Amino acid sequence: MPHASNVMLQRRPISSGTPALFLDRDGVVNVDTGYLSDPESVTLRDGAATMIAAFNAAAWPVVIVSNQSGLGRGYFDLCTMLAVQERIEALLLHEGAYVDAVFLCGAAPDDVSSLAEWRKPAPGMLTTAGLLYGIDLTRSVLVGDKVSDMQAAATAGLCKGFLVDADCIADIQIVPIPVHAVNNLSDIYPASLLSW
Ligand SMILES: [Mg+2]
């Protein structure tokens, strides 16, 4: 039986009362190769560092919220999951971008324990970040590549979502917040949020 767990990493102090940029990880920050378990194979997605750096410069907290069911499925262990995460952040830092906090949900899809409260489409990672850091969820946005990302954003009370590689855009009508399809991540920056 694989040992699942949820992990929260705070990288920087986060001041309360501000909105945050929430990011799905695989397929948004880095190229999604499926149950990523080799730190050396990590590649950032085009525009991800540029987008994140723009929010860093505007003092928006940037928070990764990522399902990592490969942990609960036994495809990789906790050390490997953390090594991949460290590698992603090192690559971002190399391009002048950083994340303020990271939430990783290791629950497998059939997990019925409380760990699953963090597994998107459940909103647990977002609401926990809101409670812990005093993030203003109602002014926060999320960038993801799946309908489940948008559902988590809506249930947590975020104001809008951005969907990359939007081949699932037809399914988005079920999500009760505005969802914008984006091709280029660098089109998302704080001032741009006013015009979306
Ligand atoms: Mg994804």
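Note that the structure is predicted; figures quoted are calculated from it, not measured. Note that ligands are numbered from 1 as they come in the structure, with each ligand's atoms numbered from 1 the same way.
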Over 60° means perpendicular and under 30° means parallel, so tell me whether Phe103 and Tyr133 are parallel, tilted or perpendicular.
perpendicular
Residue of the set Ile188, Asn56, Asp187 for which side-chain contact (heavy atoms from CB on, under 4.5 Å) holds with Met51:
Ile188
From the options Lys146, Arg45, Gln68, select the one residue that forms a side-chain hydrogen bond (donor to acceptor under 3.5 Å, both in side chains) with Asp26.
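The passing option is Gln68.
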Listed by chain and number, what are the salt bridge (charged side-chain N to carboxylate O under 4.0 Å, His left out) partners of Arg87, not counting sequence neighbours?
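Residues passing salt bridge (charged side-chain N to carboxylate O under 4.0 Å, His left out) with Arg87: none at all.
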Can you name the residues that form a salt bridge (charged side-chain N to carboxylate O under 4.0 Å, His left out) with Asp24, not counting sequence neighbours?
Lys120
Close to the Mg ion (ligand 1), meaning under 2.8 Å, how many protein N, O or S atoms are there?
3
Set of residues satisfying side chain to side chain donor-acceptor pair (under 3.5 Å) with respect to Asp46, sequence neighbours excluded
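For Asp46 there are no side chain to side chain donor-acceptor pair (under 3.5 Å) partners, ignoring immediate neighbours.
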